[in-house]
2 protein chains.
Amino acid sequence: MLKEERHQFILNEVRVHNRVLLTDIADLLHVSVDTIRRDIKELHQSEKLKKVHGGAVSLGFNNYNPTGKKIYSQEKKAQIAEKGLSLIKEGQVVLLSGGTTNLELARRIPSKIKLTCFTPSLPIAVQLLTKSNVEVIFIGGRMSKDSQIAVGGSAINMLSEIKVDICFLGTNSIHPTEGLTEFDWEIVQMKKAMIHSSRKIVSPSISEKIGSLQRYKICAVEEIDFLITELEPWDAKLDAFRNMNIQLL
Amino acid sequence: MLKEERHQFILNEVRVHNRVLLTDIADLLHVSVDTIRRDIKELHQSEKLKKVHGGAVSLGFNNYNPTGKKIYSQEKKAQIAEKGLSLIKEGQVVLLSGGTTNLELARRIPSKIKLTCFTPSLPIAVQLLTKSNVEVIFIGGRMSKDSQIAVGGSAINMLSEIKVDICFLGTNSIHPTEGLTEFDWEIVQMKKAMIHSSRKIVSPSISEKIGSLQRYKICAVEEIDFLITELEPWDAKLDAFRNMNIQLL
DNA sequence: GCATGTTATGCAATATTATGCTGTTTTATT
DNA sequence: AATAAAACAGCATAATATTGCATAACATGC
């Protein structure tokens, strides 16, 4: 394996996990820890990551997580976030709903890209404000305590006045025939409004949510344009969503 | 687990709970208290938190401080916040502008008191959401990066639709004849709108700001109802504000 | 093809760091 | 003042880092 390949591998691990252990990588790549140590030293010197005792962490290593709750299957969400990033283009206007997957996405937005981001989610707004070239517009309103997003008439009203390029719609449940569903009525209203406010809809969703069903319907599957999971696009679990004019990522 | 990760974890706990106990963290992370003690010692030395007997507490509140700016006169602001609390009554509707003093106030609001709080400030909203009996309504809009509050037409428009009992107006400069002033035009607009939206105006202000002057005027001193400083109300430095129909606290 | 220089890698010896443990001192609280 | 909890200092151990060196792989010019 080439040194360059190792470097890319390490950087990728760091991006996805926020941290790596020397021993893990050495193990995975079947090289000595010394080699990995040297790799990380170089990457540290070129400021691609931060070397720490025992491994390395990503540069903007901060796990700001206001609720302090553990993020469930963070790794998968991190992968999804990485894929989602590829849909975002310089200068676009983006709408981000709440949810931990979108939080991962927000965290990964490069500081140098110029964007305008709308969001009703408090943690996401906090995250986005650290990006110097991202203009953040908060969709205000009554804050829901557990989801930490704004809900209610005022927020929906504000949404009705915008039309963005792309919306990342945090997805709780997605079902091939029943569509996207939620258990919280107020959040359903918000998400419906977000769909109306956006030209393209992206549904980032970990695969275990596929096929699940909740009480209230947000929209049909056909209304979304991209479905991102941690799986490969050709995975059999996604078969139900083919031939539906949805792009799988 | 890497030391770096522990550090981030501790900082996060401090952010969320304002204080942490050594034993709790050691328990949570399955390491010895000594290790955590050493961690906290380091974080204390790098001024990320404040070490206290038995654990650690956050520096200012918004220790999540992307710009890394120091929070000035922490102690005085805490005193002011305590005084301000006495003005808040069960069931009221309160409007909080941004600023570190108001942040201290928000953090001190007892969880058991029932309130409705409006605010355009991100850190304050984050803090308020931890209070189970406080209904939080965020004044949305374009977010100003350094002050972390919403500004612009949308926010001002939202303010124009409310009338609250009492407004705590974070004050940058207050002058007996020139009134309240600010250096940021957009924030001036927000504060003006906040004044119109409130029956009573409270100006929490550390004494060193008294007599200072900035570029743009928010309002005359007469328009505020309460002036809170860290000084005793009969302090000579406040003489200029007597006989002005302002209550000094 | 061959000599030479460069780079990458692994290895071993040594140094440094991180962590937990013990015993003692300090601090907060009753 | 008595007490319990916490802080501290010092030490032992294990993990990680550093350094120097030997070898192997590779490129380059002849």
Side-chain angles (χ1 to χ4, degrees), chain A residues 1-63 68 70 74-75, chain B residues 1-61 63 74-75 78-79 81-82 104 107-108 110-111:
Chain A
M1 179 173 229
L2 295 174
K3 189 162 86 157
E4 188 59 28
E5 293 181 87
R6 278 202 318 272
H7 283 199
Q8 286 309 320
F9 181 86
I10 293 168
L11 285 176
N12 196 52
E13 287 292 299
V14 168
R15 261 195 317 186
V16 174
H17 300 111
N18 272 326
R19 56 142 242 188
V20 293
L21 300 181
L22 279 186
T23 48
D24 285 1
I25 305 248
D27 236 37
L28 280 167
L29 301 184
H30 307 293
V31 291
S32 76
V33 278
D34 298 77
T35 302
I36 301 300
R37 186 172 289 122
R38 277 186 274 244
D39 286 338
I40 285 184
K41 200 179 208 166
E42 287 178 35
L43 292 168
H44 175 85
Q45 273 156 5
S46 53
E47 297 184 51
K48 301 279 177 52
L49 46 67
K50 186 174 158 205
K51 186 166 86 74
V52 298
H53 192 94
V57 297
S58 70
L59 281 179
F61 184 50
N62 66 64
N63 264 310
K70 283 267 182 314
Q74 176 150 24
E75 180 166 337
Chain B
M1 178 174 231
L2 293 170
K3 191 165 82 159
E4 190 73 16
E5 294 180 273
R6 277 202 319 271
H7 284 196
Q8 289 302 331
F9 181 88
I10 292 168
L11 286 176
N12 199 46
E13 286 294 299
V14 168
R15 259 199 295 273
V16 174
H17 298 113
N18 288 331
R19 71 192 193 98
V20 295
L21 299 180
L22 283 185
T23 48
D24 286 359
I25 304 231
D27 236 37
L28 280 167
L29 301 184
H30 305 112
V31 291
S32 76
V33 276
D34 297 78
T35 301
I36 302 299
R37 184 173 292 122
R38 278 184 274 242
D39 285 338
I40 285 184
K41 199 179 207 168
E42 286 179 35
L43 292 168
H44 175 86
Q45 273 157 4
S46 53
E47 299 184 51
K48 301 279 178 53
L49 46 67
K50 189 172 159 210
K51 187 166 81 74
V52 297
H53 191 90
V57 297
S58 68
L59 289 174
F61 153 69
N63 33 32
Q74 185 61 31
E75 184 70 12
Q79 284 176 268
E82 287 292 340
E104 284 298 319
R107 137 203 257 182
R108 284 178 166 73
S111 290

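To find a chain, count down the sequence lines: A is the first, B the second, and so on, and within it residues start at 1.
Straight-line distance from the CG atom of Leu2(A) to the C1' atom of dT7(C): 13 Å, rounded to whole Å. Rounded to whole Å, the distance from NE2 on His7(B) to P on dA18(C) is 9 Å. Rounded to an integer number of Å, the gap from CD1 of Ile25(B) to C1' of dA6(D) is 15 Å. As a whole-Å value, the separation of Leu29(B) CG from dA18(C) P is 17 Å. To the nearest angstrom, C1' of dA15(D) lies 17 Å from CD1 of Ile36(A). dT9(C) atom P lies 14 Å from atom CD1 of Ile40(A), rounded to whole Å. Distance CE (Met1(A)) to P (dC26(D)): 16 Å, rounded to an integer number of Å. Note: CD (Glu4(A)) to P (dT9(C)) measures 12 Å, nearest angstrom.
Along DNA chain D, the nucleotide closest to Arg38(B) and the one closest to Thr23(B) are compared, and the more 5′ of them pairs with Thr23(B).
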Q: Step by step, work out the side chain to side chain contact (heavy atoms under 4.5 Å, CB included) result for Leu43(A) and Val14(A).
A: CA-CA 11 Å; Leu43(A) 292 168; Val14(A) 168; over 6 Å; no
Q: Could you check Met1(A) against Val31(A) for side chain to side chain contact (heavy atoms under 4.5 Å, CB included), going step by step and ending with a plain yes or no?
A: CA-CA 9 Å; Met1(A) 179 173 229; Val31(A) 291; over 6 Å; no
Q: Starting from the C-alpha separation in whole Å, work towards a yes-or-no answer on side chain to side chain contact (heavy atoms under 4.5 Å, CB included) for Lys3(B) and His53(A).
A: CA-CA 8 Å; Lys3(B) 191 165 82 159; His53(A) 192 94; over 6 Å; no
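Residue Val33(A) is out of contact with every strand shown, counting any heavy-atom pair closer than 4.0 Å.
Among dC8(D), dA7(D), dT19(C), the nucleotide with an atom closest to any side-chain atom of Arg6(B) is dT19(C). Here dA28(C) is the nucleotide among dA28(C), dA17(D), dT18(D) with the atom lying nearest to any side-chain atom of His53(B). Closest approach to the Asp34(A) side chain among dT16(D), dC11(C), dT9(C) is made by dC11(C) (side chain taken as heavy atoms from C-beta onward). Comparing dA18(C), dA9(D), dG10(C) by their closest approach to the side chain of Lys3(B) singles out dA18(C).
Ion pairing between a basic and an acidic side chain is recognised when a charged N comes within 4.0 Å of a carboxylate O; Glu4(B) and Arg19(A) show no such pairing.
Here Lys51(A) reaches the OP1 or OP2 of dT18(D): one of its side-chain N or O atoms lies under 4.0 Å away. Residue Thr35(A) has no polar side-chain atom (N or O) positioned under 4.0 Å from OP1 or OP2 of dT9(C).
A donor and an acceptor atom never sit less than 3.5 Å apart when one is taken from the side chain of Arg37(A) and the other from the base of dG10(C).
Judged purely by distance below 3.5 Å, without hydrogens or angles, the side chains of Arg6(A) and Thr35(A) never pair a donor atom with an acceptor atom.
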